[in-house]
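Working notes, structure below.
So that the names make sense, note that chain A is the first sequence line, chain B the second, and so on, each numbered from 1. Just so you know, these numbers come straight off a predicted model, no measurement behind them.
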Amino acid sequence: MFRTRFAPSPTGYMHIGNLRTALYAFLLARKHHGTFILRIEDTDQTRNVPEAVDAIYKSLALAGITYDEGPDKDGGRGPYVQSQRLPIYKKYAEQLIASGDAYYCFCKKEAQPDNEESPGIAEQKRDPCRYLTVEQVAARFAEGITPVIRQRIPNQGSTTFVDHVYGEITVENTQLDDQVLLKSDGFPTYNFANVVDDHLMEITHVIRGQEYLSSTPKYNLLYQAFGWQIPEYVHLPLILREDGAKLSKRAGDPSFEDLVQMGFLPEAIVNYVALLGWNPGDEREIFTMEELIEAFDIERINKSSAAFSLEKLTWLNGEHIRRLDPQKFHELALKYYPEGVRHLNLEKISRLIQIRIERFTEIPTMVKFLYELPDYDAALFENPKSKSTLQSSREILQEVIPLLESMQEWTNESLFTALKVFAEAHGYKIGTVMWPIRTALSGQFASPGGATELADLLGKDETLRRLKIGLAKLQL
RNA sequence: GCCCCCAUGGUCUAGUGGUUAGGACACAGCCCUUUCAAGGCUAUAACUCGAGUUCGAGUCUCGAUGGGGGCACCA
């Protein structure tokens with residue numbers, strides 16, 4: 001039975017790294033028909049952000065990551081919010097005191113020895129409170145000092161564990177510090193809560209960022225002190241920026257929500273993030289969530305960190321957009337259409353742009369010419385590729401305007417047929433005829449849709465108006 | 001400072017002792033085409049370095065270098 005969990009702290013938004021951690025834990029559980037659990041790690045009272053839990057629910061839902069147990073989905077092993085589990089941590093911390101695997105520490109925060117500058121010799125850096133006698137402890141309590149509870153790390157030996165990604169890792173116990181388990185405010189630290197909760201919630205596979213790799217031996221010592229079974233570990237490589245720096249919200253790196261805001265499809269972001277540090281073993285790159293569940297395998301997770309490339313995400317997003325059902329695409333595109341274009345046939349516009357955009361936010365710019373003809377230069381009518389010159393363009397527009405004015409049926413097909421016949425009759429290449437029309441209709445070097453598609457979209461009156469403007473530019 | 005981890009093109013990666021080192025993004029060119037996009041084809045581009053082991057090393061060992069992570073009453 002697989003039980004995995006995603007345990008974010010409520011910061012208000014979903015980091016890309018967190019999203020991937022959640023995704024992998026979710027995929028592993030789903031792949032094995034196990035249980036995926038959401039747990040809120042709000043043990044830092046100074047960093048709680050209101051509404052942040054709602055943001056987590058929203059982001060997970062948006063990403064398509066559903067959980068079976070969580071704060072709002074009781075699975076019998078709750079509560080699933082750590083701030084609601086305080087008595088549990090207290091009980092287990094005291095159990096450790098009783099067994100000698102933890103001790104009360106009465107030091108002020110500032111009085112702690114500075115590990116970063118002292119050599120790694122246990123006896124020198126161990127907290128003095130570690131050696132307090134029962135009487136001394138009682139005396140300090142009598143003084144009214146509220147202690148913290150620290151883990152008592154053995155001064156000898158080493159701790160070894162096997163990680164599914166990184167393999168076997170051994171650390172000398174002297175390198176481990178007597179970390180705080182229970183803070184003076186009665187809250188546990190992550191270092192303690194994760195062990196207690198993962199055990200109580202019967203987590204079989206702990207999936208988390210690589211930053212916890214070096215703390216894991218301490219957790220194992222805790223599991224051993226309790227006599228609990230140590231879970232399987234899957235530590236994930238970091239996600240960096242392309243310049244090699246750490247991905248950070250503060251440095252302006254987008255969160256999952258930001259990316260959605262930037263016009264990316266949640267499923268494309270999920271797909272992209274899945275590939276950051278994992279690959280299916282074949283050459284597929286485009287995945288739906290179902291396909292990810294089927295293909296996912298923790299043994300194929302990479303060890304080295306990966307850089308987040310907005311460029312590649314953009315490409316992948318384009319792929320997902322093109323695969324969208326046209327009706328679905330239209331619904332999603334709707335809110336990006338500017339006012340000026342709303343009198344036109346939006347379904348038709350959607351069909352034209354679906355294959356041309358990579359992000360939804362490109363839409364306003366792409367359709368702007370439809371309601372506001374750009375002030376373009378006559379030189380645009382020249383194009384060697386279609387054998388268009390100012391002269392050919394002028395001649396064609398002159399002849400094509402009356403032809404189009406006489407059209408009874410105004411559709412893409414009828415227009416195309418008429419112009420094709422025209423081109424053949426006059427010995428023009430089709431492109432030579434289409435270029436000046438398309439140019440006059442769009443006022444741009446490139447446009448979503450060819451000459452007749454634009455004409456169809458704009459309607460007869462607007463088409464003729466624009467063709468005449470184009471002709472006027474050529475007659476100056 | 002100490003400990004741990006990592007190392008294939010600019011980026012994401014395949015590779016598990018014998019390969020012309022494969023794919024994708026980006027870039028350039030060509031084809032297709034009613035412009036652009038999409039699609040198709042082609043090109044440029046990589047095993048960090050040094051010792052070993054071996055008939056043979058991107059793949060194994062050691063070292064160096066580089067990068068990252070940890071050493072909080074943060075997670």
Residue pair L265(A) / L324(A): nearest heavy atoms and the distance that separates them: CD2-CD2, 3.9 Å
Short side-chain N/O contact to U13(B) OP1/OP2 from R300(A), under 4.0 Å: no
C5(B) to G10(B) separation - P atoms, rounded to the nearest Å: 27 Å
Separation of the C1' atoms in G50(B) and G58(B), to the nearest angstrom: 16 Å
Lys/Arg N to Asp/Glu carboxylate O, D375(A) vs K473(A), below 4.0 Å: yes
Residues Y166(A) and Q210(A): side-chain donor-acceptor under 3.5 angstrom: yes
D44(A) side chain, from C-beta outward: closest of A75(B), C73(B), C2(B): A75(B)
Sugar-phosphate, base or nothing in reach of A307(A), heavy atoms under 4.0 Å: sugar-phosphate
Closest nucleotide among G23(B), G69(B), G39(B) to the E285(A) side chain: G23(B)
Short side-chain N/O contact to U34(B) OP1/OP2 from N412(A), under 4.0 Å: no
Touch class at under 4.0 angstrom, heavy-atom based, for V148(A) against every strand present: base
RNA chain B-proximal residues of residues 374-393 of chain A, any heavy atom under 4.0 Å: K385(A)
Sugar-phosphate only, base, or nothing, as touched by S9(A) at under 4.0 Å among non-hydrogen atoms: sugar-phosphate
Residue list, side-chain contact (heavy atoms from CB on, under 4.5 Å) with P188(A), at least two apart or on another chain: T43(A), L86(A), Y89(A), L182(A), F192(A), A193(A)
Touch class at under 4.0 angstrom, heavy-atom based, for S447(A) against every strand present: base
Heavy-atom pair with the smallest gap, counting every atom of R20(A) and L276(A): NH1-O, 2.6 Å
Sugar-phosphate, base or nothing in reach of F187(A), heavy atoms under 4.0 Å: nothing
N/O (side chain, T314(A)) to phosphate O (OP1/OP2, C25(B)) under 4.0 Å: no
Partners meeting ring pair (Phe, Tyr, Trp, His ring centres under 6.0 Å) with H199(A) (sequence neighbours left out): W228(A)
A43(B) to U54(B) separation - P atoms, rounded to the nearest Å: 40 Å
Nearest listed nucleotide, side chain of I169(A), among C5(B), A14(B), A75(B): C5(B)
Sugar-phosphate only, base, or nothing, as touched by L316(A) at under 4.0 Å among non-hydrogen atoms: nothing
A21(B) to C25(B) separation - P atoms, rounded to the nearest Å: 22 Å
Interface residues of residues 433-442 of chain A with RNA chain B (non-hydrogen, below 4.0 angstrom): M434(A), W435(A), R438(A)
Sugar-phosphate only, base, or nothing, as touched by E319(A) at under 4.0 Å among non-hydrogen atoms: sugar-phosphate
K183(A) side-chain N/O to C74(B) phosphate OP1/OP2 under 4.0 Å: yes
Sequence neighbours excluded, every pair satisfying ring-ring contact (aromatic ring centres under 6.0 Å, His included) that has a member inside residues 235-254 of chain A: Y233(A)-H235(A)
d(OH, Y212(A); C1', C4(B)) in whole Å: 16 Å
Touch class at under 4.0 angstrom, heavy-atom based, for T11(A) against every strand present: nothing
Interatomic spacing from NZ in K385(A) to NZ in K429(A) - rounded to 0.5 Å: 9.0 Å
Ring center gap for Y376(A) and F445(A) short of 6.0 angstrom: no
Rounded P spacing from A37(B) to C30(B) in Å: 12 Å
Pairwise side-chain hydrogen bond (donor to acceptor under 3.5 Å, both in side chains) hits with a residue in residues 303-314 of chain A, at least two apart: E285(A)-K312(A)
Rounded P spacing from C71(B) to C12(B) in Å: 26 Å
Nearest-Å distance once atom P is located in both A26(B) and C41(B): 15 Å
Between U48(B) and A57(B) - C1' atom distance, rounded Å: 16 Å
